[in-house]
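All ligand and atom numbering here is 1-based and tracks the order in the structure. Computation of the quantities below employed the complete heavy-atom set of this structure, encompassing side-chain atoms and omitting hydrogens, waters and symmetry-equivalent molecules.
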Amino acid sequence: MSSSANLYREAAANVDAAADDLGLEPTVRDILSSPQHELIVNFPVQRDSGEYVMFQGYRIQHNNVLGPFKGGMRFHPAVDLDEVRALATWMTFKSALVRLPFGGAKGGVAIDPAKHSRSEMERVVRRFTHSLGENIGPGYDIPAPDVGTNAQTMAWMMDTYLNSRGPAERQGARGVVTGKPIEIGGSLGRAEATGKGAAYALRHLYGEYDRSLGDQTVAIQGFGNVGSHGAVALEELGMKVVAVSDATGTVHADRGLNIDALIAHANSASGVAGFSDAETLTTDEFFALDVDVLMPAALEAQITADNVDSIQARVVLEAANGPVTAAAAEKLHAGGVDVVPDILANAGGVIVSYYEWVQNKTQHHWSAGDVDSQLRNTIWDACDRVAARRNGAGSTRRHAAYLEACDLLQSVYELRGIFP
Ligand code: NAD
């Protein structure tokens, strides 16, 4: 079985375990077990050399019983259907856990953005968006940034969508994507939201321990949107970021890395490698660091049966989606390591995406302070409910989070009934 097929199987297994415990109605379980729609588009893009290349793009719409489909667009060479299925499934349960009126979706293109010029990437984004046609829209399915995509990608998607619609349909349609630049309808605080949300979840956890985060050490894998903003937020809470790893390498300093300087370096050098004020480590050495908190914020399946025994951290904060495999998570739990699950730890992104969508709908702007306090309250409310469930069930935080999400979805199906 391919690693992405395995990932999808694991995503479904989390749902199954919660469904078993809740005695989920069999039809509801069946509905939640498979994506509602799976779209594959093949489209040509002209390279700067003049030749045409075909790309394959995906949009998986897992479930929309709570509201419009919602989820990121990933541009990475390893993107395939099973990976996107798993990511779409997680979105449904993330939205349900944090009580947003959104469903779950995800999309992507198998492409390495580093190998294409800016103008080629713009053509890929525009042609992909056009190929999705009526399958996205502000009241139907709302993409956002993920790995390899950013605010600029969302600006091109929005512009393509608006230019493909008549004047009546364009009204209020900036909400077709979230994570846009502020100037064209983005929300203050959206860029920082996922990293900040992870920091709030960690602060809540330490509150449960009755401990302060001051002087606690953290190692962060991934230094893109989530990892870099997470580093800033954790530093603001008094933590010492002692190591950062990305696709270019790993940098480490026991006294703590200067995060502002590292961000400036990573922006100019396209990665953390070569940062002068630190030593370098191998990936294996990075995972084996004796730190209080390990925050994977890159890709899925980074902590696996192969390296889990080397982990010394006391807490694993899943800022990425699916960074810890099921087998590894079981071992960590048995060894007393607290794993804050992805659908809770990285929910800040979709929470502030929701605030952006609301602002687009109402044509009203929220202050950075309003966004931040609402984000914190929403994350902490979900943390409280997960902690309460866990005490009741004596289970892992991941299982408790799925119980919370499935319980809501079950109630909604009970109230609405299953059509027709
Ligand atoms: P990004 O593209 O901005 O950054 C990805 C980072 O991962 C980069 O620093 C890259 O160098 C690093 N990376 C890639 N391969 C690596 C490897 N093999 N080893 C070490 N580092 C590697 O992506 P992002 O938006 O920060 O997303 C990161 C994770 O967070 C993904 O799992 C994504 O699904 C999840 N997530 C993102 C958001 C969001 O708002 N962007 C929201 C929720 C969850």
> Taking 4.0 angstrom as the limit, do Asp292 and Lys240 come out as a salt bridge?
Replying inline: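 Salt bridge between Asp292 and Lys240, a charged N being under 4.0 Å from a carboxylate O: no.
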
> Any Lys/Arg nitrogen of Arg397 or Glu208 sitting under 4.0 Å from an Asp/Glu carboxylate oxygen of the other?
Replying inline: yes

>> Under 4.0 Å, counting heavy atoms only: does Ala297 come that close to any atom of ligand 1?
In response: yes

> Does ligand 1 have an atom that lies less than 4.0 angstrom from a heavy atom of Glu300?
Replying inline: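 So Glu300 does not count as touching ligand 1.
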
Is any N or O atom of [X], backbone or side chain, closer than 3.5 Å to an N or O atom of ligand 1?
{"X": "Asn225", "result": "yes"}
{"X": "Lys94", "result": "no"}
{"X": "Val226", "result": "yes"}
{"X": "Asn346", "result": "no"}
{"X": "Leu87", "result": "no"}
{"X": "Gly349", "result": "no"}
{"X": "Gly227", "result": "no"}
{"X": "Gly148", "result": "yes"}
{"X": "Ala320", "result": "no"}
{"X": "Lys106", "result": "no"}

Would you call the rings of [X] and [Y] parallel, tilted or perpendicular, taking 30° and 60° as the class edges?
{"X": "Tyr354", "Y": "Phe102", "result": "perpendicular"}
{"X": "Phe93", "Y": "Tyr402", "result": "tilted"}
{"X": "Trp380", "Y": "His204", "result": "tilted"}

Tell me the protein heavy atom at minimum distance from [atom], and give that distance in Å.
{"atom": "atom 35 (C) of ligand 1", "answer": "Asn321 ND2, 3.7 Å"}
{"atom": "atom 40 (O) of ligand 1", "answer": "Thr194 OG1, 2.7 Å"}
{"atom": "atom 31 (C) of ligand 1", "answer": "Ala298 O, 3.0 Å"}
{"atom": "atom 19 (N) of ligand 1", "answer": "Gln221 NE2, 3.6 Å"}
{"atom": "atom 9 (O) of ligand 1", "answer": "Phe223 N, 2.9 Å"}
{"atom": "atom 22 (C) of ligand 1", "answer": "Ala247 N, 3.5 Å"}

> Nearest to atom 27 (O) of ligand 1 by heavy atom, Val147, Val272, Val352: which?
Replying inline: Val147

>> My understanding is that we take every heavy atom of each candidate and find the minimum distance to atom 33 (C) of ligand 1. Doing that for Ile343, Asp146, Ile220, which one comes out nearest?
In response: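 That would be Asp146.
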
> Does some non-hydrogen atom of the protein lie less than 4.0 angstrom from atom 3 (O) of ligand 1?
Replying inline: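 Under 4.0 Å from atom 3 (O) of ligand 1, at least one protein heavy atom found.
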
Quick one: are [X] and [Y] in side-chain contact, heavy atoms under 4.5 Å?
{"X": "Lys70", "Y": "Trp357", "result": "no"}
{"X": "Asp21", "Y": "His399", "result": "yes"}
{"X": "Trp366", "Y": "Leu188", "result": "no"}

> Between Ala193 and ligand 1, which residue portion shows a heavy-atom distance shorter than 4.0 Å: side chain, backbone, both, or neither?
Replying inline: neither

>> Between Arg376 and Asp372, is the salt bridge (charged side-chain N to carboxylate O under 4.0 Å, His left out) condition met? List the steps.
In response: CA-CA 6 Å; Arg376 190 193 57 217; Asp372 190 44; 5.4 Å; no

Would you mind running through ligand 1 and noting each atom that sits below 4.0 Å from a heavy atom of [X]?
{"X": "Arg190", "value": "40 (O)"}
{"X": "Arg74", "value": "31 (C), 32 (O), 33 (C), 34 (O)"}
{"X": "Leu299", "value": "15 (N)"}

>> Can a donor-acceptor pair be found, under 3.5 Å and without considering hydrogens, that links the side chain of Asn63 to the backbone of Ile31?
In response: no

> Does Ser310 use its side chain to pair, donor to acceptor, with the backbone of Asn307 at less than 3.5 Å?
Replying inline: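 Pair found, side chain donor or acceptor close to backbone of Asn307.
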
> Which heavy-atom pair separates Val79 from Ala110 by the least distance, and what is that distance?
Replying inline: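 So the two residues come closest at O-CB, 3.6 Å.
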
> Which atom pair, heavy atoms only, marks the closest approach of Leu299 to His76?
Replying inline: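 Leu299 and His76 have their closest heavy atoms at CD1-NE2, 3.8 Å.
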
> For Arg74 and Glu300, what are the C-alpha separation, side-chain angles and deciding distance, and is it a salt bridge (charged side-chain N to carboxylate O under 4.0 Å, His left out)?
Replying inline: CA-CA 13 Å; Arg74 179 173 291 197; Glu300 52 269 6; 3.0 Å; yes

> What distance do Phe43 atom CZ and Leu132 atom CG have between them, rounded to the nearest 0.5 Å?
Replying inline: 8.0 Å

